[in-house]
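As C-alpha cells, the structure follows; a few thoughts come after it.
The structure displayed is predicted, hence computed values, not measured ones. Counting from 1, the numbers follow the sequence of the chain as shown.
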Amino acid sequence: MPQARPHLRTLAPFALLALAGCKFGWTDTGEDEDNPVKTHSHDFAATSLVLSANGDLAIMSTSAGVVAFDTSSGQASASTPAGDFVEPKVEDWIGDKVAIIERSVDGGVFLWEPGVPGYELREDEDAGANASSAIGFSGGLAWIGRRAENCRIFRDGLDLATIEPCGRVRELDVVRADGTLFLGYDDELGTESVQRIDPDGSQATLDVPMDHISWDNVRQVLYTASADSTLVEAVTAEGGPVFSVELDDPIVDLVALEQRGLLAVLTVAGADAYVHIIDQYTGAEVKVLDAASATSFMAASADSSTLALVQAERMVILEVDWAALLAPSETQE
C-alpha cells in the first residue's frame, strides 16, 4: 500500500505575537444580545485562513508566517518561528494540527499544532512529488503532490492514486467518512470539470463547474460554481442534479454550512458585496448579509456558528445565531 511516510521535523520554539485587532469601518456589536450577528473586525492581512470547530480560534497565513488568534479579541496566541515559511498556505485541520503548504519551495505538507514546537512533515519519498493541496478526513490527511506532469494523491490508510498526465487542481473537498475526493480540475486542454477520486483509487468526471466547490457531508450534496458566474449548481456525488440557484452578482466563494442545512455564497459586483444564505433542501434564498466589496474569500467553522470574511488587509468575523437570524419577523404576514 504505497503511502507518504511521515517524518518529524523540529525547529525553533514557537513565537508569541502581540497582535491586536483593530476595529474600524465595521460595527463591532460585541455582546449585544439583541443582534443575531455579532461582528468583529480585525486589521490582519491573511492570505489563507481556517477556523476551529466552534469558531473561537483562527489559523491564518501571513507574510510573517502562520498565526493562531482569538476571533473575538484578535489576540494572537502562537505563531510559527520567523523564517520557517516565506509563502505559507493554511489548508485544513488534521485532528488538533493544521496542514501547511509552503508555496515558495517544493516539498511536502507540514502539520503544526499551534503552540507546540516543530512540525510533522509528510513527504513523497518515492517520487518526490511537491504538495499542492491538502485536506483532512476521518482517516487523517489527504494531499496532492505534483511530480513532472503527473499528480500523486495520498490518503492515509488508502492506496496511492494518480492522474497521468495531470493538469491543474484548482479546488479540493472531501467526503470525511471515507476519503473520497472532489477535485476542481482543469486539464489545461480546454476541459474543466470536477474529478471524483473514490477510496479504491478509481476516477470519475462530473460535468459541473469546478472553480468553487463545497461538499456537504450531512446531505451528501456537492455545491459548485464557475468563477465570476452567477449560478450555483447542487449535485449528488455522481453528478445528478439536485437544484440550482441563480444570483444577481458574480460568485466569489461558497461554503456549505452543513450543521445548519444552509449554504453561504459570497458575491461581489463593484461596490456591492453580499453573503447569500441558501436553504440546502429547497434551494431558496433565506437571508442576505452585507459584506465589504473587497472580500476575497470565506471560511466557516465546523459547527456553522462562525463565518470569516477575508479582505486584503483585514477580516470580519461573524458570530451568527442562526435561529434568531432566520426567525420570521413579527411584521411578516
Do Glu258 and Arg219 have side chains that get closer than 4.5 Å, going by heavy atoms?
-> yes

Checking side-chain hydrogen bond (donor to acceptor under 3.5 Å, both in side chains) for the pair Asp216/Gln280: CA distance, chi angles, key distance, verdict?
-> CA-CA 9 Å; Asp216 184 291; Gln280 292 185 5; 3.1 Å; yes

Between Ser193 and Thr205, a side-chain donor and acceptor under 3.5 Å | no

Inter-residue atom distance Thr180.OG1 - Leu222.CG, 0.5 Å rounding | 11.5 Å

Rounded distance (nearest 0.5 Å) linking atom CD of Glu123 with atom CZ of Phe154 | 10.5 Å

Taking all non-hydrogen atoms of both residues, which atom of Asp173 and which atom of Trp215 are closest, and how far apart?
-> OD2-N, 2.8 Å

If you look at every heavy atom in Ser301 and Ser305, which pair is closest and at what distance?
-> OG-N, 3.3 Å

Is a salt bridge present between Glu192 and Arg170, judged by a nitrogen-to-oxygen distance below 4.0 Å?
-> yes

Would you tell me whether Thr224 and His212 have side-chain atoms, one donor and one acceptor, within less than 3.5 Å of each other?
-> no

Are the charged groups of Arg260 and Asp303 less than 4.0 angstrom apart, N to O?
-> no

For the pair Asp187 and Arg168, evaluate salt bridge (Lys or Arg N to Asp or Glu O under 4.0 Å) and give the outcome as yes or no after the intermediate values.
-> CA-CA 6 Å; Asp187 68 1; Arg168 179 185 176 192; over 6 Å; no

Return yes when atom CD of Glu313 has more than 12 non-hydrogen atoms of other residues, nucleotides or ligands closer than 6.0 Å, and no otherwise.
-> no

Please answer: with hydrophobic residues joined when any side-chain heavy atoms are less than 4.5 Å apart, are Ile153 and Leu160 in the same cluster?
-> no

Any donor-acceptor N or O pair under 3.5 Å, side chains Ser72, Glu319 | yes

Only one of Asp70, Thr71, Leu307 passes side-chain contact (heavy atoms from CB on, under 4.5 Å) with Ile317; say which it is.
-> Thr71

Ile101 and Ala134: which non-hydrogen atoms are nearest, and at how many Å?
-> CD1-N, 4.1 Å

Close side-chain approach of Tyr185 to Cys166, heavy-atom, < 4.5 Å | yes

Check: Glu102 side chain, Val86 main-chain N or O, donor-acceptor pair, under 3.5 Å = yes

Sub-3.5 Å donor-acceptor pair from the side chain of Ser48 to the main-chain atoms of Val90, do we have one?
-> yes

Side-chain donor-acceptor pair under 3.5 Å between Ser244 and Glu233, yes or no?
-> no

Looking at Tyr281 versus Phe243, is the centre-to-centre ring distance below 6.0 Å?
-> no

Hey, do the aromatic rings of Phe182 and Tyr223 have their centres closer than 6.0 Å?
-> no

Donor + acceptor pair across side chains of Asp84, Tyr119 (<3.5 Å) | yes

Taking all atoms of both residues into account, what is the closest heavy-atom pair of Arg196 and Asp198, and its distance?
-> NE-OD1, 2.8 Å

Could you tell me whether Asn150 atom CG has more than 12 heavy atoms of other residues or ligands within 6.0 Å of it?
-> yes

Nearest-0.5 Å distance that lies between atom CD1 in Ile144 and atom CD in Glu91 = 9.5 Å

What pair of heavy atoms forms the shortest contact from Val255 to Leu263, and how long is it?
-> O-CD1, 3.5 Å

Charged N to carboxylate O below 4.0 Å: is that the case for Lys97 and Glu120?
-> yes

State the CG-CG distance between Leu158 and Asp178, to the nearest 0.5 angstrom.
-> 8.0 Å

Looking at CD1 of Ile277 and CG of Leu325, how far apart are the two atoms once the value is rounded to the nearest 0.5 Å?
-> 7.5 Å

Output for pair (Leu183 CG, Ser133 OG), nearest 0.5 Å, gives 8.0 Å

